[in-house]
Number of protein chains: 2
Amino acid sequence: MSSKALSIKDIAKKANVSITTVSFILNGKAVEKNISTAVIEKVEKIIKEDGFKPNQVARSLRTGSSKIIGLIVEDISNPFFAGIARLIEDKAYKKDYKIIYSSTENQPGKAKDLINLFKSRQVDAYIISPAGGTEEEIQGLIKEHKPVVLFDRYLPGLNANYVGVDNFKASYQATEHFIHRKKKNIALVTVDLSVEQINERSEGHRQAILDYELPFHAELVIRIPFAQPKEETIQQLIHFFNQYAEIDAVLFATNYLAISGLTALKQMDKAIDKDFSVIAYDDGEVFKLHTPQISAVEQPLEEIAENIINLIFQQLSADQLPAPQKVILAAKLLVRSS
Amino acid sequence: MSSKALSIKDIAKKANVSITTVSFILNGKAVEKNISTAVIEKVEKIIKEDGFKPNQVARSLRTGSSKIIGLIVEDISNPFFAGIARLIEDKAYKKDYKIIYSSTENQPGKAKDLINLFKSRQVDAYIISPAGGTEEEIQGLIKEHKPVVLFDRYLPGLNANYVGVDNFKASYQATEHFIHRKKKNIALVTVDLSVEQINERSEGHRQAILDYELPFHAELVIRIPFAQPKEETIQQLIHFFNQYAEIDAVLFATNYLAISGLTALKQMDKAIDKDFSVIAYDDGEVFKLHTPQISAVEQPLEEIAENIINLIFQQLSADQLPAPQKVILAAKLLVRSS
DNA sequence: CTGAAAGCGCTTACAG
DNA sequence: CTGAAAGCGCTTACAG
């Protein structure tokens, strides 16, 4: 029963030609190498009949390339990353590249392992939403002239290709929106990660308040520990909203914090209305279907994916790597209820 | 700048030993092979200093294994699959296996490509939520004695390991729940895929109605085309709910159909209350946060992942493959509002 | 028009 | 205690 996989040698023997000939035919070089039509047909027939598939591991070892792009994200079950992954996969597939992906869960150790795993598997290019602490590994990839594109999160020390949105501006606009609606005590619920992207979101909030000459209340900015279980976050937020009853608007700096926050508000029976407004980062079904609908900062998934894949293919087809580019896209504030 | 990757040969040369010795040390066979402590230390020092990582492609080519498990799902951006992926990844990681995953989008062509891709990459085991039309490829894997576990969706023709929930029973119980609440016209919104799992969900609905001797209204079962754009589905459902105003309860056979359905109801301004009940398949944040909260059939993600990974490791560690097992788990009806 | 042979970077049976 | 050598399945420069 067990059909040990065929090799190019088996095909060559069966067709009475050399493995060189079979290899040329497999790689579409038959014509260029002047293989006779008769031979080509004979070999192709055997390949098809036997269902022979060349061993890509051997091919990779020999050529040093794999036609695989590695995608490393923080958490694939986050809809933002899942959406990006899906779009990138589609686009890569059309150019005959496959994507393999994995989640870092924001653990530098795991992120490093993954980069090394991909490297040792001869992945041709890397798309990374980088965890802090992986600068060295990423720098290493760049040094080895591997195509790399970072997205979502930017590591300041690195001169690498990057695609992301203007987080400062998005937060600024969201906060400004609140201010125009006469909000006075605009809370920010964010995460205690000290990464660019998150810092920018805080800064935008702060700067808008200062620019409009409103008092900035530092105590209305709450930083939730990254790995904290959801239930605890909900309790913490209930406490927070109760403690500062003057809050009349909240900006949530991430998708999952918004979900915990809405759950907290629901448990408190606190209405979202003219007196208490909410804006979430990253749109999702859950915000559209919520009653009332929740306004959200939408990152342009399609545009992000498009830019990433373009940068990757630009690098893949270049003789030497072009200078790193930074593509900063605009997020969009979807206003749904006040 | 460009540091061409080191090889075992470079290390051997530097340490003045043979590559055999380096290989033994790398693979933890140093003691077993009686390599002297002095040599071990010298070699390990060089490996660490130079940051040498063995080329896994070469290793795979030589050993035929890769310590990689391939996970093939319908759509990684579906929270059910993303959740499973995440859990499986965690568990595999602990045993030093990596997961690579990819989406089939329910296209048999893509699913076949992926199986072949994984095969040609020497993936050690396969976890597949199978698209119809891939029976042959999966049978091929089994024939080659590759560890395989199917989940979520079952392909009747195949005698393979399988982990899933009892869909018939879950639908039956959901429908029964409606009947106990005196519902008379229980609609079913399902998808037009003719796969076991979906058929069972329809059957459970039908059987419950028949068992309780209620009239079965075939026109209250609507089958939405699988690839239909969301907006059209919403319009179709609005039309459906308007046409059959007698409907007093709806069971949605999938997660995303429930989301489209809730959107339709929202657009119609149709309240979900004592007179109009809803149950969704697969739980999610969106149902918990909805007003009112939506009841859901919850598949036990953790249990599913656990069983899958156990079956995989059972096969991986067996000398010869054990007889295929089918693990059928119970889904749970989460009653939230009537 | 086609083939023999080297080599990609490993692992491991065999020899000493 | 350690090493030379074969071989995993390919690709490709070279020879004829």
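Naming convention: chains lettered A, B, ... in sequence-line order (proteins, then strands); numbering from 1 in each chain. Model, not experiment: these values are computed from the prediction.
Atom name P, nucleotides dC1(C) and dT12(D): the rounded distance is 22 Å, in whole Å.
Under the 4.5 Å side-chain criterion, counting only non-hydrogen atoms from C-beta, Q56(A) is in contact with R59(A).
The nucleotide whose nearest atom lies closest to any side-chain atom of F52(B) is, among dT2(C), dC8(C), dC10(C), dC10(C). The side chain of S7(A) lies closest to dG9(D) when the candidates are dG9(D), dA4(C), dT11(D). Out of dT2(C), dC10(C), dG9(D), the shortest distance to the side chain of N55(A) is found at dG9(D). In this structure, the nucleotide among dG3(D), dT2(D), dG9(D) sitting nearest to the side chain of I35(B) is dT2(D). Closest to the T20(B) side chain, of the nucleotides dC8(D), dG3(C), dA5(D), is dA5(D). Checking dC10(C), dT2(D), dT12(D) against every side-chain atom of I8(B), the shortest atom distance belongs to dC10(C). With distances taken from any side-chain atom of R59(B) to the nucleotides dG9(C), dT11(C), dT11(D), the minimum falls on dT11(C). Listed candidates were dG3(C), dG7(D), dC10(D). Nearest to the side chain of A58(A) is dC10(D). Here the side chain of K9(B) is nearest to one of dC8(C), dC8(D), dC1(D), namely dC8(C). With distances taken from any side-chain atom of S23(A) to the nucleotides dG3(D), dC1(D), dT11(D), the minimum falls on dT11(D).
The interatomic distance linking L61(B) (CG) with dA6(D) (P) rounds to 17 Å, in whole Å. Here the C1' atom of nucleotide dC8(C) and the CD1 atom of I19(A) are 14 Å apart, to the nearest Å. Atom P of nucleotide dG3(C) and atom CG of N34(A) are separated by 14 Å, given to the nearest angstrom. Rounded to an integer number of Å, the gap from Q122(B) CD to dG9(D) P is 8 Å. When the P atom of dG9(D) is taken as reference, atom CD1 of I11(A) falls 13 Å away, rounded to whole Å. In this structure, Q56(A) places its CD atom 15 Å from C1' of dC8(D), rounding to the nearest Å. Per the geometry, NZ belonging to K33(A) stands 10 Å off C1' belonging to dT11(D), to the nearest Å. With rounding to whole Å, R62(B) atom CZ is found 19 Å from dG7(C) atom P.
Counting any heavy atom pair closer than 4.0 Å across all strands shown, V57(B) reaches no nucleic acid atom.
Under 4.0 angstrom from either OP1 or OP2 of dC10(D) there lies no side-chain N or O belonging to T63(A). Side-chain N/O atoms of S36(B) include one lying less than 4.0 angstrom from OP1 or OP2 on dT2(D).
Salt-bridge check for D50(B) with K14(B): passed, with a basic side-chain N closer than 4.0 Å to an acidic carboxylate O. Ion pairing between E49(A) and K45(A) holds under the 4.0 Å rule for side-chain N and carboxylate O.
In this structure, K95(B) places its NZ atom where only 12 or fewer heavy-atom neighbours from other residues, nucleotides or ligands lie under 6.0 Å away.
Side-chain atoms of R86(B) and N78(A) include no donor-acceptor pair closer than 3.5 Å.
Base pairing analysis places dA4(D) opposite nothing; no Watson-Crick or G-U wobble pair with both distances below 3.5 Å involves it. The partner of dA13(C), taking Watson-Crick or G-U wobble pairs whose two distances both stay under 3.5 Å, does not exist in any strand shown.
Judged by distance alone, the side chain of T134(A) and the main-chain N or O of E137(A) form no donor-acceptor pair under 3.5 Å.
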